[in-house]
Amino acid sequence: MTRYIIQRLVYMFITLFLIATFSFFLMKFLPGTPLTAEDKLSEAQKAIVMEKYGLNEPVPVQYAKYMTGLAQGDLGVSFQFDNREVTQIIMERIGPSAMLGAQSMAVGTILGMLLGLVSAIYHNGFLDYGSTFVAVVGKSIPSFVFAGLLQYFVAVRLGWLPVALWEGWEYSILPTIALAIFPIAIAARFMRTEMLEVLGSDYITTARAKGVNKFGVVFKHGLRNALIPLITVLGPLAISLMTGTFVIEQIFAVPGLGEQFVTSVTTNDFPVIMGTTLLIAFLFITIVLVVDLLYGVIDPRIRLTEGE
Amino acid sequence: MRKTNWLLLALALVLSMFLAACSGGSDDTGGNEGDGGEDTEETEDGSSEEGSDGESADGEQVLNLAESADIPTLDPSMATDVVAFQWLGSTTDGLYRLGEGGEVEPGIAKSHEVSEDGLTWTFDLREDAKWTNGDPVTAQNFVYAWQRAVNPETGSEYGPYMLGGVVKNAASIAEGETPVEDLGVTAVDDYTFEVVLEQPTPYFESLTAFGTFLPMNESFVEEQGEDYALEAENTIANGPFKLTEWNHGEGWTVVKNEDYWDAENVQLEQINVKVVKDVATAVNLYETGQIDRAGLSAEFVDQYRSNDAFKITEEPTLFYLKMNQENEILGNVNARKAIQSVIDRQGITDVILNNGSIPAVGDVPRNFTMHPESGEDFRDINGDLVETDVEQAQEHWATAKEELGIEEATLEYLGGDTETAQKMDAFIKDQLEQLEGLSVEVVSVPFKERLRRDTAMEYQLQNSGWGPDYIDPNTFLNMWVTDGGNNMTGYANEEYDALIEKANTELAQKPVERFETFLEAEKMLIEEDAVLAPLYQRAVAQLWKPYLKGVITNPMGAEYTYKHAYIEGK
């Protein structure tokens, strides 16, 4: 087990290194420079500003410098926000995104699993169609449409919740609901499919024959099996929600990371692009490892050590 | 069966908890909305008269605004964008500030004198102006700030751009060729500031209101070092307001600066600003009374057009088709004239933009500069230099084809990648293809890529725009001189160059003749030489709460002046 984890950590490190390298060079293909008054400066003046950003050197040299800094935990200074450290910018922005992501994942997963469960138990019944409908709607309506509707009807027309901004817990409710729709749909769909499969298998029939009641079977045997595909999908989904969703943050004026990330690309703010990419990549590969480890916990038949 | 019900119950329970959480939150906000005292919430929208909370009204001079972006920096040397200049301008007074109608009003300078050759400007500074840390605002503060702006070590973009070619030696200092001390600025004494210019610059007075020219408190800046202007506590003010709170990405707050030299004329106590990027969100916040002004995009304009709060402000930003004269077809003046008159400008502004923008009929925008004597608008004097007339366009086109010896032609059209840009480009393509035998291929690229292709002259037709750098026709006209840095059309006309040269040298001290020379130059540029096909002048459609008064809209620099703003009848 320990050996397995160490091995995985080494792979993670290599993956991160490759992602950093790849993004760095890819980023250099972006048109333009971080300069705002590019078209109004003379060549010599432009060169001076580029030098300040460290962009006057050949790309391989820039790459070497960046990687050296990165190894020391230095993500550099933003071009767009003069003198502000990338680490600081990310720290300030990750909070609201993480909060929204965590809330919507919690709400979405619980509700979705319940919906899926109900569907499976009442297979082909009224409740099944009902919850399948919800899942299909949730998956097919883009979250920004839903967010717009929520904002208009719940906040503007009914006045129940704040329209937007970020000034307290109640400001997170609407964005959370808007974001939760997608995990609800995903969780419900997977839960239903897996549950139907599990419930139809021989050992469930045996358990039922032994006299375990329907719900005992569902929770004791069914749920555990259905969890495997579920965490495979929901793990990475949680990361993408928690690192910020551009559209929802924009609609509800949430000062999150997603919006910052997109802005950094359009302004050629290289250090922020790199910092955010690396953060997201790091979280992703971490969650993949966590999910893999969880497999073993949820289902002891899955062994993580090699051989045998 | 009994167990079935149990599960249903559990589901119902979870759902109700979820809903309860929502409605619980709604109670909270309902409460907030009611108690209006703490923040600024009041009646639903200014229109509901029966709102009887008159007691909290009027007295409360608090303005709530939304900006579409965070402040990137509050360091005057480093600022390059609208938001930064807006809030620098609200917290810091320069030599002058922009007042009603783009006219300058006193700031730190009480008055100034210009030497006979127009090169030496001596500003007489007021002695009662103070920084928020108690230091007096002195001539040294200007010397320091201006030197810092062009010092290559600072790496400023707007320093060289705004000061270069204006203040003596600024350009060469910014290129690292001349020592910083040689910049044409001197503090004669604490309250006398002397500037030597590169050449007579009639619009210099209004330039001094611009963000890059603001004074800086040297000891404060040096003391803060790397942290300068990064957070609210690392900023310093000498203007009508001071920054007290700044939550990056979320918003900021400025409050009235009681130590301001003109504090008695500042009525607003506080301005709360929130970062709201989405137009629909801003409109919804406006509707619920949380912000006092909201910008509208085209889809909202029809909905609000008849509303009392609806307001259109023309901006001096002009859009036009650039035509690369190195291209064989576009090198022909008749072909260019055909393009000028085949495009339906009214269609662009009414159908595509629908935000109050007006058709452009020259190279100098409307409501930008006035005749120094008669006060008549530059645009009104020169009138429409282009007209939409398809028949005439076909004639020009036929002549052009004959001269060029061609029957058919294909032109590449370089456009933007935003939704509106693509709609407009498709519309213009249709218009252009009315010219017999002409086919147009639209290429959509991001803004920065378009700039790159412009500089490299890798385009044939290009949808392009220009905003002023100072309030003077020169900012729009001098870019088209032969080999001008932003010309990039291949246009070269000695006569035109001579007119611009004359306006900026021998006529520099003669405002009337100078203005008339610009009128002549514009005619030559658009009417005779058909260098550009003007498209439209941008305007913004906004909703302004009727109780918000006294806000001045500026043609450049800080978009709005809040110094004289007040709330009345809220």
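Just so it is clear, the model here is predicted, and its values are computed rather than measured. The chains referred to below are lettered A, B, ... by the order of the sequence lines, with proteins before strands, and numbering in each begins at 1.
- Separating the CG atom in A:N83 from the CG atom in B:N234 is a distance of 10.5 Å, to the nearest 0.5 Å.
- Minimum heavy-atom separation, B:T281 to A:A164: CG2-CB, 3.4 Å.
- Heavy-atom neighbours of A:M91 CE from other residues, nucleotides or ligands within 6.0 Å: at or below the threshold of 12.
- Shown here is B:Y304, whose OH atom has more than 12 heavy atoms of other residues, nucleotides or ligands within 6.0 Å.
- Contacts of A:T176 with chain B are absent, with no heavy-atom separation under 4.5 Å from either backbone or side chain.
- With a 4.5 angstrom heavy-atom cutoff, B:L451 touches chain A only via side-chain atoms.
- Contact count versus chain B (heavy atoms, under 4.5 Å) is highest, among A:M50, A:E43, A:E249, A:K52, for A:K52.
- The number of heavy-atom neighbours closer than 6.0 Å to CG of A:N124, taken from other residues, nucleotides and ligands shown, is above 12.
- Rounding to the nearest 0.5 angstrom, the gap separating the CD1 atom in A:I251 from the NZ atom in B:K277 is 14.0 Å.
- Heavy atoms only, all atoms of each residue included: A:A253 and B:V276 are closest at CB-CG2, 4.1 Å.
- For B:A174 against A:Q45, the heavy-atom pair with the smallest separation is CB-NE2, 3.8 Å.
- Note: B:D278 CG to A:Q151 CD = 7.0 Å, rounded to the nearest 0.5 Å.
- For A:A155 against B:T288, the heavy-atom pair with the smallest separation is O-CG2, 4.3 Å.
- Counting heavy atoms from C-beta on, the side chains of A:R84 and B:E231 come closer than 4.5 Å.
- Heavy-atom pairs under 4.5 Å with chain B peak, among A:E92, A:E51, A:K46, at A:E92.
- Considering CD of A:Q80 and CG of B:D81, their distance stands at 8.5 Å, rounded to 0.5 Å.
- One distance of note links CD of A:Q88 with NE2 of B:H248; it measures 6.5 Å at 0.5 Å rounding.
- Only the side chain of A:T263 comes within less than 4.5 Å of a heavy atom of chain B; its backbone N, CA, C and O stay farther away.
- A heavy-atom distance below 4.5 Å is not found between the side chains of B:T73 and A:F81.
- B:A171 touches chain A through backbone and side chain together, each having a heavy atom under 4.5 Å away.
- For chain A, the nearby parts of B:N284 are the backbone and the side chain; heavy atoms of each come within less than 4.5 Å.
- Ranking B:E157, B:E153, B:E449, B:E175 against chain A, the residue ahead of the rest is B:E157, based on heavy-atom pairs under 4.5 Å.
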Item to complete: Please assess B:K274 against A:E167 for the test side-chain contact (heavy atoms from CB on, under 4.5 Å), listing each intermediate value before the final yes or no.
Response: CA-CA 11 Å; B:K274 299 290 170 196; A:E167 286 163 1; 2.7 Å; yes
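- Between chain B and the residues A:T33, A:V254, A:I89, the most heavy-atom pairs under 4.5 angstrom are made by A:T33.
- Within the model, atoms CG of B:D70 and CD of A:Q260 stand 8.0 Å from one another, a figure rounded to the nearest 0.5 Å.
- For chain B, the nearby parts of A:L35 are the backbone and the side chain; heavy atoms of each come within less than 4.5 Å.
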